[in-house]
Amino acid sequence: MDLNDFKNLAEAFQAIAIGLAVIIGGIWAFYRFWSLQEMGRARWELEKLQKSLTERATINVSLFARSETNPGGSGYYIEVAASLTNIGNRTEVLNWSDGGVFTAPVLGRDKGNVVLGELIKTNQ
C-alpha cells in the first residue's frame with residue numbers, strides 16, 4: 001500500500017463518517033424538535049422575551065411641599081406629599097425601606113452658596 005492508496009482509503013472513511021454524522025444529527029434534531037416539542041417551547045420563550053422588551057414601567061413622581069410656622073413654638077415645619085403614578089404598561093414594585101425625605105436647616109449663605117445644617121431623615 002503506497003501513499004495514494006492510503007489517502008484514498010482515508011478519504012473514503014472520512015466520507016462515510018460525515019454521512020453517518022449527518023444522518024445521526026438529523027435523527028437527533030427530529031427527535032428534539034418533534035418528539036420533545038422543543039419548537040413550542042422556543043416560540044413561548046421568544047414571545048416572553050419580546051413582551052419583556054416592549055413592556056416597561058414609567059413612574060411619574062410629583063412632590064408637593066409647603067412650609068408652615070410651628071404652632072407651638074418658634075421655627076417652621078415642612079409638609080411634603082409625594083404622588084407616584086405608573087404610566088407605563090408593566091407593573092413595578094418599589095422598595096420603600098430606604099424611602100423618606102431628607103431635610104436640613106438653612107444656616108445662612110457663604111459666597112452665594114447656601115450653608116445647610118445636619119441632614120434629618122423624616123419618617124415614611
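Along the sequence shown, residues carry numbers from 1.
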Does E68 have more than 12 heavy atoms from other residues, nucleotides or ligands lying within 6.0 Å of its CD? yes
After noting the C-alpha distance and the side-chain angles of R56 and T58, does the key distance pass the side-chain contact (heavy atoms from CB on, under 4.5 Å) rule? CA-CA 6 Å; R56 66 174 39 127; T58 305; 4.2 Å; yes
NZ of K48 to CG of L53: how many Å apart, nearest 0.5 Å? 12.0 Å
Separation of K51 NZ from L46 CG (nearest 0.5 Å): 13.5 Å
Trace of the side-chain contact (heavy atoms from CB on, under 4.5 Å) decision for L116 with V114: CA-CA 6 Å; L116 299 176; V114 176; 3.8 Å; yes
How long is the straight-line distance from CZ of R32 back to CZ of R41, given to the nearest 0.5 Å? 7.0 Å
How far does CD of E11 sit from NZ of K7, to the nearest 0.5 angstrom? 5.5 Å
Membership question, hydrophobic clusters at under 4.5 Å side-chain separation (ILVMFWY): are F13 and L20 in the same one? no
What's the shortest heavy-atom distance between G117 and A104, and which atoms? O-CB, 3.7 Å
Please check this pair: side chain of D2 against backbone of D5, looking for a donor-acceptor N/O pair closer than 3.5 Å. yes
Nearest heavy-atom pair of I120 and P105: which atoms, and what distance? CD1-CD, 4.5 Å
Heavy-atom count check: over 12 atoms from other residues, nucleotides or ligands less than 6.0 Å from L3 CG? no
Euclidean distance, I59 CD1 relative to L94 CG, rounded to 0.5 Å: 5.5 Å
Looking at A57 and N86, what are the two nearest heavy atoms and their distance? CA-OD1, 3.9 Å
Can you tell me how far the CG atom of N60 sits from the CD1 atom of I87, to the nearest 0.5 Å? 4.0 Å
Check the pair R90 / E92 against salt bridge (charged side-chain N to carboxylate O under 4.0 Å, His left out), numbers first and verdict last. CA-CA 6 Å; R90 184 180 79 189; E92 188 66 34; 3.3 Å; yes
